[in-house]
Amino acid sequence: MVWKIGEVVDRTGLTARALHFYEEQGLIGPVSRNTAGHRLYNQSDLLRLQQIRTLRQLGVSLSDMPPLLNDTGQLVPQLKQQLSKLKQQRQAIQSIESKIAKLVDMLEIRSISQHDLDEILFQTLESMTMYDKYFSQSEIDAIHNQEHVAGSNQSFGSVWSNWVSNMQSVQLSGADPKSEEVQDLMRHWDKMVTQLTENDDEKLKAFNNLLHNEPQARKDHGISDELFEFMAQASGGH
């Protein structure tokens, strides 16, 4: 079965100008014509248009499309890359939604004082903006959305919380920062941070600078100033 250009325009929402342009760029076609000279689109043309629209929605430029349309072997890694970007964008939106939802919950509590509300607003703004000094938005979301410890089904958040609790316990017990118990915990810290920063030296440096320079960031990650000082004393021994 074949369709005239008007039928394709009506049923797809694409413009005739776009269809002409895709043909001129060699993305579809050559499109056949009837005896009256009208373009006729067949099923393979429709499939090609579907692929073009999918790639455009995934952010692929028209100039990058020809090898992807002609070689499905190249299409798979390109699609995976685009899916990764979409996932990061979704995570960024979810992170913003979470922060706004918390603010809405606080604002709906009628008994909250103006002073407390001011503090919440300042803390939220500080938390939302300080990470931008050190990381791109996609890197921030990657750090905040670690789900599992590498190589296991353990929740990264629970492992992190357990580590902080254990480190606090040895700190409060008066343990020597250079003791083997503390050094073992610091080696575990190195593994967690390596996963957070994707084994990237620049990201690791940025994360360390974040914790050193931003008290709120330490608080966000459950690390008190006293615990951070203890960790600093221990870091020279491992």
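Since this is a predicted model, take the numbers as computed values, not measurements.
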Quiz item: Are R187 and E180 ion-paired here, with the side-chain N under 4.0 Å from a carboxylate O?
Solution: yes
Quiz item: Quick one: does Q183's side chain have a donor or acceptor within less than 3.5 Å of a partner on A234's backbone?
Solution: yes
Quiz item: Taking D64 for the side chain and V60 for the main chain, is one N or O donor matched with an acceptor at less than 3.5 Å?
Solution: no
Self-check item: Expected output: side-chain W163 to main-chain L185 donor-acceptor under 3.5 Å
Solution: yes
Quiz item: Atom CE in M186, atom CD in Q233: separation rounded to 0.5 Å?
Solution: 11.0 Å
Practice problem: Verify whether one side chain among D200 and T197 offers a donor that lies under 3.5 Å from an acceptor in the other. | Solution: no
Quiz item: Is there a donor in the side chain of R17 and an acceptor in the side chain of Y22, or the other way round, less than 3.5 Å apart?
Solution: no
Exercise. Sequence neighbours left out, what passes salt bridge (Lys or Arg N to Asp or Glu O under 4.0 Å) with D225? Give chain and number order.
Key: R218
Quiz item: When you measure from the side chain of S179 to the backbone N and O of A175, does any donor-acceptor pair fall under 3.5 Å?
Solution: no
Exercise. Could you check L204, T194, V193 and say which one makes a side chain to side chain contact (heavy atoms under 4.5 Å, CB included) with N199?
Key: T194
Exercise. Write out all pairs satisfying ring-ring contact (aromatic ring centres under 6.0 Å, His included) with one or both partners inside residues 193-215, taking only residues at least two apart or from two chains.
Key: F207-H221, H212-F228
Quiz item: Can you check whether K4's main-chain N or O pairs, donor with acceptor, with E7's side chain at less than 3.5 Å?
Solution: yes
Self-check item: S165 (side chain) donor-acceptor with S161 (main chain) under 3.5 angstrom
Solution: no
Quiz item: Would you find a donor on one side and an acceptor on the other, under 3.5 Å apart, between the side chain of R48 and the backbone of G29?
Solution: no
Self-check item: Between Y134 and E214, a side-chain donor and acceptor under 3.5 Å
Solution: yes
Quiz prompt | Over all atoms of both residues, closest heavy-atom pair of I5 and H20 | solution = CD1-NE2, 3.3 Å
